[in-house]
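Since the structure comes first, as structure tokens, the remarks are kept for the end.
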Amino acid sequence: MVRVGIVGIGFMGMIHYLSYQRVRGAKVVALCEMDKKRLAGDWRGIKGNFGPPGEMMDLSGIDTYTDWQEMVRDESIDYVDVCLPPALHADVTIGALKAGKHVFCEKPISLTTTSADRMVRTAESTGRQLMIGHVLPFFPEYAWARKVIESGKYGRLLGGHFKRVISDPQWLPKFYDPNVVGGPMLDLHIHDAHYIRLLCGMPSSVVSTGRMRGEVVEFAESQFRYDNSDLTVTSTTGVINQQGREFTHAFEIHLEKATLLYDFAVIGGAPKLLMPATLLEPNGKLTEPKLGSGDPLDAFVAELKEVSQSIASGAPSEVLGGSLARDALVICQKETQSVAKGKAVRV
């Protein structure tokens with residue numbers, strides 16, 4: 001049994017807490033939060049763009065802290081789950097690693113490559129594991145697509161298009177502040193940047209066009225260029241000003257002998273499966289695999305199972321590693337530079 005301490009009880013902290021209830025072999029034993037109302041179990045003010053609303057929680061039997069530095073000194077905790085705003089990721093992660101804890105930190109790894117490098121180096125020097133919460137590969141449709149690609153059954157990967165767009169998240173303070181959250185690139189698109197990096201490797205350059213809001217990208221279309229000219233990869237991401245379509249993500253992935261399709265949205269507060277996961281073959285045959293319950297928490301449960309198993313076994317996760325997350329951050333930064341400069345940027 002690995003014992004977990006969560007730092008930060010906002011939307012993602014709540015999602016992680018609920019998901020841990022379904023992870024065999026892991027137990028939340030401590031919570032750290034400066035809001036004493038939330039620390040007492042009143043989570044009714046927490047909201048996000050998917051999952052259940054916040055409610056009153058029974059936190060009896062769980063140690064509570066208002067100071068993360070005090071919590072990481074608790075010798076009974078095996079790893080720290082960091083669910084704070086991105087600007088705080090580096091300091092808390094490095095402090096926890098130096099205190100001898102493994103760390104699972106929400107994405108993005110950090111807001112700058114300098115601090116991301118410090119996090120990765122500290123994990124290496126302390127001999128602790130650092131994993132970053134890039135949950136997308138654990139969503140059933142994305143896990144299925146990756147499995148199909150890696151099987152080699154349908155030939156080489158030729159590329160694809162990835163889409164991730166939301167309504168303006170008016171409930172999220174400092175969303176467009178480059179020094180706190182980082183805007184749509186680092187809060188939203190980094191999921192696809194990580195998945196693209198996982199499937200295709202690092203691009204040699206990117207060219208992105210879009211709209212800026214202050215110092216961050218509001219909306220962008222990107223093309224990822226590779227030394228292999230057969231690999232054609234593009235993305236659409238950002239925020240629209242209209243409310244009513246809270247969230248959408250989709251992909252169209254091209255292989256030599258198959259095309260993989262998927263499109264999901266939350267519209268008017270209701271989930272809409274616009275295109276179920278579908279495999280198209282050259283002869284016109286199509287297959288729709290059966291992929292779980294449709295509960296978005298399933299992906300977080302799968303992710304946290306991998307985190308807990310990696311820590312229990314000592315075998316680092318290939319998907320959640322800090323270096324991979326650092327690469328995803330670099331890709332997003334290069335896309336922002338491309339939009340701002342109006343030209344292609346080398347990665």
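Every value quoted in this text rests on a predicted model; they were computed, and no experiment measured them. Numbering of residues begins at 1 and proceeds along the displayed sequence.
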Measure across [X] and [Y] and return the closest heavy-atom pair with its distance rounded to 0.1 Å.
{"X": "L59", "Y": "L39", "value": "CD1-O, 3.5 Å"}
{"X": "V206", "Y": "P203", "value": "CG1-CG, 4.2 Å"}
{"X": "R213", "Y": "Y176", "value": "NH1-CE1, 3.1 Å"}
{"X": "P137", "Y": "A143", "value": "O-CB, 3.3 Å"}
{"X": "G13", "Y": "I6", "value": "O-CD1, 4.2 Å"}
{"X": "Q129", "Y": "S317", "value": "OE1-N, 4.4 Å"}

Practice problem: Using side chain to side chain contact (heavy atoms under 4.5 Å, CB included) as the criterion, list what pairs up with R22, not counting sequence neighbours. | Solution: D295, L297, D298, V301

Self-check item: With sequence neighbours excluded, residues passing side chain to side chain contact (heavy atoms under 4.5 Å, CB included) with A312
Solution: V2

I'd like to know if the side chain of [X] reaches the main chain of [Y], judged simply by a donor and an acceptor atom lying under 3.5 Å from each other, with no hydrogens or angles considered.
{"X": "Q337", "Y": "V345", "value": "no"}
{"X": "S338", "Y": "S208", "value": "yes"}
{"X": "H89", "Y": "P108", "value": "yes"}
{"X": "T336", "Y": "C332", "value": "yes"}
{"X": "E252", "Y": "H161", "value": "no"}
{"X": "S167", "Y": "Q242", "value": "yes"}
{"X": "R128", "Y": "A123", "value": "no"}
{"X": "K107", "Y": "V135", "value": "no"}
{"X": "S204", "Y": "R225", "value": "yes"}

Quiz item: So, W43 versus Y17, ring centres under 6.0 angstrom or not?
Solution: yes

Practice problem: Examine F247 together with H249 and report whether their ring centres are nearer than 6.0 Å. | Solution: yes

Any heavy-atom pair between the side chains of [Y] and [X] that's under 4.5 Å?
{"X": "M185", "Y": "I190", "answer": "no"}
{"X": "S110", "Y": "M119", "answer": "yes"}
{"X": "H102", "Y": "V4", "answer": "no"}
{"X": "T236", "Y": "F219", "answer": "yes"}
{"X": "E218", "Y": "N241", "answer": "yes"}
{"X": "L158", "Y": "L255", "answer": "no"}
{"X": "L111", "Y": "L186", "answer": "yes"}
{"X": "S308", "Y": "K305", "answer": "no"}

Quiz item: Looking only at side chains, do Y226 and T232 share a donor and an acceptor under 3.5 Å apart?
Solution: no

Practice problem: Please determine, by modelled atom types, if S125 and T122 share a side-chain donor-acceptor pair under 3.5 angstrom. | Solution: no

Do other residues, nucleotides or ligands put more than 12 heavy atoms under 6.0 Å from the [atom1] atom of [X]?
{"X": "M212", "atom1": "CE", "value": "yes"}
{"X": "E75", "atom1": "CD", "value": "no"}
{"X": "E215", "atom1": "CD", "value": "no"}

Quiz item: With respect to E150, which candidate in R146, K147, K153 satisfies the salt bridge (Lys or Arg N to Asp or Glu O under 4.0 Å) definition?
Solution: R146

Quiz item: Please, which pairs that meet salt bridge (Lys or Arg N to Asp or Glu O under 4.0 Å) have at least one residue in residues 334-345, sequence neighbours excluded?
Solution: none

Ion pair [X]/[Y], N-O distance below 4.0 Å:
{"X": "D263", "Y": "K163", "result": "no"}
{"X": "R44", "Y": "D42", "result": "yes"}
{"X": "E33", "Y": "R38", "result": "no"}
{"X": "D78", "Y": "K101", "result": "no"}

Quiz item: Which word best sums up how the rings of H16 and F104 line up, parallel for under 30°, tilted for 30 to 60°, or perpendicular for over 60°?
Solution: parallel

Quiz item: Do F175 and L329 belong to the same hydrophobic cluster, where Ile, Leu, Val, Met, Phe, Trp and Tyr are linked whenever their side-chain heavy atoms lie under 4.5 Å apart, directly or via other members?
Solution: no

Quiz item: Linking I/L/V/M/F/W/Y whenever any side-chain heavy atoms sit under 4.5 Å apart, do M12 and F139 land together?
Solution: yes

Cut-off 3.5 Å, no hydrogens considered: what does the side-chain donor-acceptor table look like for residues 267-288, sequence neighbours left out?
from, atom 1, to, atom 2, distance (Å)
T278, OG1, P276, O, 2.7
N283, OD1, K285, N, 2.9

Self-check item: Check against side chain to side chain contact (heavy atoms under 4.5 Å, CB included), V7 and D81
Solution: CA-CA 6 Å; V7 182; D81 183 331; over 6 Å; no

Practice problem: Could you give me the CA-CA distance, side-chain angles and deciding distance for M71 and D67, then say whether side chain to side chain contact (heavy atoms under 4.5 Å, CB included) is met? | Solution: CA-CA 7 Å; M71 192 188 85; D67 183 347; over 6 Å; no

May I have the list of side-chain donor-acceptor pairs in residues 191-200 shorter than 3.5 Å, sequence neighbours left out?
from, atom 1, to, atom 2, distance (Å)
D192, OD1, R164, NH2, 3.1
D192, OD2, R164, NE, 2.8
H194, NE2, V319, O, 3.1
Y195, OH, Y142, O, 2.7
R197, NE, D327, OD2, 2.9
R197, NH2, D327, OD2, 3.2

Practice problem: Could you walk me through whether I253 and Y262 pass the side chain to side chain contact (heavy atoms under 4.5 Å, CB included) test, one step at a time? | Solution: CA-CA 9 Å; I253 298 173; Y262 173 65; over 6 Å; no

Quiz item: Which ring-ring contact (aromatic ring centres under 6.0 Å, His included) pairs, counting each pair once, include a residue from residues 304-325, with sequence neighbours left out?
Solution: none

Quiz item: Run the side chain to side chain contact (heavy atoms under 4.5 Å, CB included) check on V103 and V82 step by step: do they pass?
Solution: CA-CA 7 Å; V103 175; V82 180; 4.0 Å; yes

